[in-house]
Undergrad: 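Structure below; questions to follow.
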Amino acid sequence: MSYGLYVVTDRIIGRGMTHAAMAALAAEGGADVIQLRDKDMPASDLIAEAVNIRKITEDSGTLFIVNDRIDIALASGADGVHLGQSDLPAEYARSIVPDDFIIGISVSTADEALRAVKAGADYISPGPVFPTATKSDAGNALGLDMVSSISAAIDTPVVPIGGISGLNAASVISAGAEGVAVISAVFGGKDAVSAAAELKEIIQKAKNL
């Protein structure tokens, strides 16, 4: 299981593309993980997107994660769910999902990372690492030192997010991260497939793969 290139879908950054269309482009570019994230879409529409993405990721062998909505994740047959600090706590989520179901947790400190791992998280996503305009409530940038601190504190894979691009992805891996989570770096330009492929190559080189 690899978390190397973790791509999050976003309708605004995607400029009108459906989540499934974005997922297809990310998978074609070599994404290891695709997360469906939409905090505003009605559940009836979100489950339709999730089912379509499940088909795409099954065909490509890509992990499929749903943000926040554990009900949508389970109903669509996703591989896992990603939870924030104000979502259903991981220990309760773990009690209602299959044993092999992946749970990722957003954190901003080493203490939060340690609590998330103790609660059963399979990976940790600290952020934002760098300043980002993608998420208005993301908070202040944590910097690479925090990525190093969290990576050293736990054995669980660390997949940072926030302001990561082809220009700085290698530095995030060098700081101890297992992978990088991106949105704009893939969907912010004109060619998402090429952008994903280039990022994947940068990550693999940084990990000496």
Side-chain angles (χ1 to χ4, degrees), residues 2-84 86-87 102 104 106 125 127-139 141 159-169 172 179-203:
S2 173
Y3 294 97
L5 177 58
Y6 187 125
V7 179
V8 181
T9 63
D10 185 296
R11 283 190 293 167
I12 295 175
I13 302 299
R15 301 182 299 279
M17 280 193 292
T18 66
H19 290 287
M22 286 184 273
L25 295 174
E28 185 178 349
D32 298 293
V33 186
I34 292 171
Q35 182 193 121
L36 167 60
R37 185 170 80 177
D38 195 315
K39 296 180 180 295
D40 301 317
M41 182 173 279
S44 57
D45 295 333
L46 195 61
I47 185 64
E49 289 272 23
V51 168
N52 287 334
I53 293 175
R54 174 71 288 180
K55 293 176 182 173
I56 292 165
T57 52
E58 277 184 341
D59 290 344
S60 62
T62 308
L63 287 177
F64 175 36
I65 305 292
V66 177
N67 186 66
D68 291 351
R69 298 292 300 269
I70 197 167
D71 55 339
I72 298 292
L74 289 170
S76 65
D79 296 297
V81 68
H82 186 88
L83 301 171
S86 60
D87 294 325
I102 298 168
S106 294
S125 185
V129 182
F130 305 108
T132 177
T134 303
K135 196 169 185 287
S136 60
D137 60 347
V159 188
I161 191 170
I164 300 172
S165 70
L167 298 175
N168 55 32
V172 178
V180 298
V182 298
I183 305 173
S184 300
V186 169
F187 301 121
K190 294 181 179 179
D191 189 342
V193 175
S194 295
E198 289 170 8
L199 264 172
K200 181 74 173 282
E201 184 176 359
I202 290 169
I203 293 164

Undergrad: When you measure from the side chain of Ser76 to the backbone N and O of Ile47, does any donor-acceptor pair fall under 3.5 Å?
TA: no
Undergrad: Just verifying a value: how many Å separate Thr62 OG1 and Ile56 CD1, rounded to the nearest 0.5 Å?
TA: 9.5 Å
Undergrad: Write down the atom of Gly30, the atom of Lys200, and the distance for their closest heavy-atom approach.
TA: O-NZ, 2.7 Å
Undergrad: Say you draw a straight line from CD of Glu49 to CE of Met22; how long is it, rounded to the nearest 0.5 Å?
TA: 7.5 Å
Undergrad: Identify the heavy atoms of Asp38 and Asp40 that sit nearest to each other, and give their distance.
TA: OD1-N, 3.0 Å
Undergrad: Spell out, as yes or no, whether a donor-acceptor pair under 3.5 Å connects the side chain of Asp87 to the backbone of Asn67.
TA: no
Undergrad: If we ignore hydrogens and angles and just use 3.5 Å, is the side chain of Asn168 paired with the main-chain N or O of Ser165 as donor and acceptor?
TA: yes
Undergrad: If I take atom CG from residue Asp79 and atom CZ from residue Arg54, how far apart are they, to the nearest 0.5 angstrom?
TA: 4.5 Å
Undergrad: Kindly give the heavy-atom pair with the smallest separation between Val7 and Ala31, and that separation in Å.
TA: CG2-CB, 3.8 Å
Undergrad: Are the side chain of Arg15 and the backbone of Ile13 linked by a donor-acceptor contact shorter than 3.5 Å?
TA: yes
Undergrad: For the CG atom of Asp68 and the CG atom of Leu46, what is their distance to the nearest 0.5 Å?
TA: 9.5 Å
Undergrad: Do Ile203 and Val172 touch side chain to side chain, with heavy atoms closer than 4.5 Å?
TA: no
Undergrad: As an exercise, state the distance from CG of Leu25 to CZ of Phe187, rounded to the nearest 0.5 Å.
TA: 6.5 Å
Undergrad: Taking all heavy atoms of Ala196 and all of Leu5, pick out the closest pair and write down the distance.
TA: O-CD2, 3.3 Å
Undergrad: Please name the pair of heavy atoms, one in Val180 and one in Ala169, separated by the smallest distance, quoted to 0.1 Å.
TA: CG1-O, 4.2 Å
Undergrad: Does CD in Glu201 sit with more than 12 non-hydrogen atoms of other residues, nucleotides or ligands closer than 6.0 Å?
TA: no
Undergrad: What residue among Ile34, Leu36, Asp45 forms side chain to side chain contact (heavy atoms under 4.5 Å, CB included) with His19?
TA: Leu36
Undergrad: I need the minimum non-hydrogen distance between Ala78 and Val66, along with the two atoms involved.
TA: CB-CG2, 3.9 Å
Undergrad: I would like to know whether Arg37 and Ile183 meet side-chain contact (heavy atoms from CB on, under 4.5 Å); could you show each step before the answer?
TA: CA-CA 10 Å; Arg37 185 170 80 177; Ile183 305 173; 3.1 Å; yes
Undergrad: What distance do Ile164 atom CD1 and Ile202 atom CD1 have between them, rounded to the nearest 0.5 Å?
TA: 12.0 Å
Undergrad: Is it true that a side-chain atom of Asp32 and a backbone atom of Tyr3 form a donor plus acceptor pair closer than 3.5 Å?
TA: no
